[in-house]
Number of protein chains: 2
Amino acid sequence: MPRDTEDEPIYRADCPTRTILDQIGDKWSMMVLAVLRASPKRFNGIKRQLEGITQRVLTQTLRKLERNGMVVRRVIGGSPPGVEYSITPLGRSLQEPFAALYDWTLEHIDTIHKHQESYDRDAQTTTRRPD
Amino acid sequence: MPRDTEDEPIYRADCPTRTILDQIGDKWSMMVLAVLRASPKRFNGIKRQLEGITQRVLTQTLRKLERNGMVVRRVIGGSPPGVEYSITPLGRSLQEPFAALYDWTLEHIDTIHKHQESYDRDAQTTTRRPD
DNA sequence: CGGTATCCAAAAAGATACTG
DNA sequence: CAGTATCTTTTTGGATACCG
């Protein structure tokens, strides 16, 4: 039987799957949204809650979120000039489906770790030349 | 009021948020799982359904999914030697929460694109020195 | 067929210094 | 305070070639 009759559906790199992961699958985006979820905050206010993030990366992350309409940036005139970032309804709505993923992770994280340990242990003894 | 009394909760890079995104937030993982969801397949069978993926990257993706226990690899002895990959219950269960994210994307993708266009257009006229 | 080994390019991230 | 500008390192992915 020729395989021409077989289905060969194609997934491509522009799958909707990618659309959102490309935007919020990076290291900090979801944490920035989580921080802003409680209340609007200024640049360094956000930065203080994200241990290890650099100014540069936070700026990039905020720009990307702003570009997607998930965050708005507002300049505060005053003697100590400031900028306030707040989450938009769109950004807030993203957290519902994301919470499902978060809960899944909490539920299965132990299982995953066990698989990883098992896999890493086997790698020592299998298909590993004795050197 | 001193800000010492203020809460400064800390999100760190090892947030559970990262646990799963680090594993499946890459370019192809979710699409590989989607392909295997229908039925077990061999290496090149998977590859044929993923337009643009290279052998090297598919191998890496499968190893990572296998390490996490989301996919199992089985060697098929025979005259044309082969390897069959199949999705595990764990991998299958991940698709439920992920579907929520997928649906969210489909629902809001137009809004996001409009924000992006608007943002990109404004960038031409604002805070842009005339050169 | 199902990979591994290399080499290379591009993108993301970290460190640091400087500015309105 | 809220960035920008550079430079360097790390990570990721693509292109090839070769192997059991």
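The figures here come from the full heavy-atom set of this structure, side chains too, leaving out hydrogens, waters and symmetry mates. Here is the naming used below: chain letters follow the sequence lines, and residue numbers restart at 1 for every chain. It should be emphasised that the depicted structure is a prediction, and the values quoted were computed from it without experimental measurement.
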Q: Could you pull out the closest heavy-atom pair between A/Ile53 and A/Trp28, with the gap in Å?
A: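 Nearest heavy atoms, A/Ile53 then A/Trp28: CD1-CG, 3.6 Å.
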(Q) Both A/Pro81 and A/Ile53 contact DNA chain C. Which one's nearest nucleotide lies toward the 5' end? (A)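 The 5'-side residue here is A/Ile53.
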In whole angstroms, how far is the [atom2] atom of [N] from the [atom1] atom of [X]?
{"X": "B/Ile46", "N": "C/dG3", "atom1": "CD1", "atom2": "P", "value": "9 Å"}
{"X": "B/Leu58", "N": "D/dG13", "atom1": "CG", "atom2": "P", "value": "12 Å"}
{"X": "B/Ile24", "N": "D/dT12", "atom1": "CD1", "atom2": "P", "value": "14 Å"}
{"X": "A/Gln55", "N": "C/dA15", "atom1": "CD", "atom2": "P", "value": "12 Å"}
{"X": "B/Phe43", "N": "D/dG20", "atom1": "CZ", "atom2": "P", "value": "18 Å"}
{"X": "B/Glu66", "N": "C/dG2", "atom1": "CD", "atom2": "P", "value": "14 Å"}
{"X": "A/Arg18", "N": "C/dA11", "atom1": "CZ", "atom2": "P", "value": "15 Å"}
{"X": "A/Leu62", "N": "D/dC1", "atom1": "CG", "atom2": "P", "value": "16 Å"}

Q: Please tell me if the side chains of A/Phe43 and A/Thr59 come closer than 4.5 Å, counting only heavy atoms from C-beta onward.
A: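 The answer is yes, as the side chains (C-beta and beyond) meet within the 4.5 Å cut-off.
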Q) Side chains of A/Gln95 and A/Leu33: does their closest heavy-atom pair fall under 4.5 Å? A)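 SC-SC contact between A/Gln95 and A/Leu33 confirmed.
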From [options], nucleotide with atom closest to [X] side chain:
{"X": "A/Asp26", "options": "C/dG3, C/dA13, D/dG3", "answer": "C/dA13"}
{"X": "B/Thr59", "options": "D/dG14, C/dG3, D/dC1", "answer": "C/dG3"}
{"X": "B/Thr54", "options": "D/dG3, D/dG13, D/dG14", "answer": "D/dG14"}
{"X": "A/Val83", "options": "C/dT4, D/dG3, C/dG2", "answer": "D/dG3"}

Q. How would you label the contact of B/Arg42 with the nucleic acid (heavy atoms, under 4.0 Å): base, sugar-phosphate, or nothing?
A.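 Sugar-phosphate: the residue B/Arg42, judged by heavy atoms under 4.0 Å, touches backbone atoms but no base.
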Under 4.0 Å between a side-chain N/O of [X] and OP1 or OP2 of [N], yes or no?
{"X": "A/Lys27", "N": "C/dG14", "answer": "yes"}
{"X": "B/Tyr85", "N": "C/dG3", "answer": "yes"}
{"X": "A/Arg63", "N": "D/dG3", "answer": "yes"}

Q: Measure the spacing between CH2 of A/Trp104 and CG of B/Leu94 and express it to the nearest 0.5 Å.
A: 4.5 Å
Q.
Once rounded to the nearest 0.5 Å, what's the spacing between atom NZ of B/Lys27 and atom SG of A/Cys15?
A. 12.5 Å
(Q) Whether the side chain of A/Arg56 and the base of C/dA13 hold a donor-acceptor pair under 3.5 Å is what I'd like checked. (A) yes
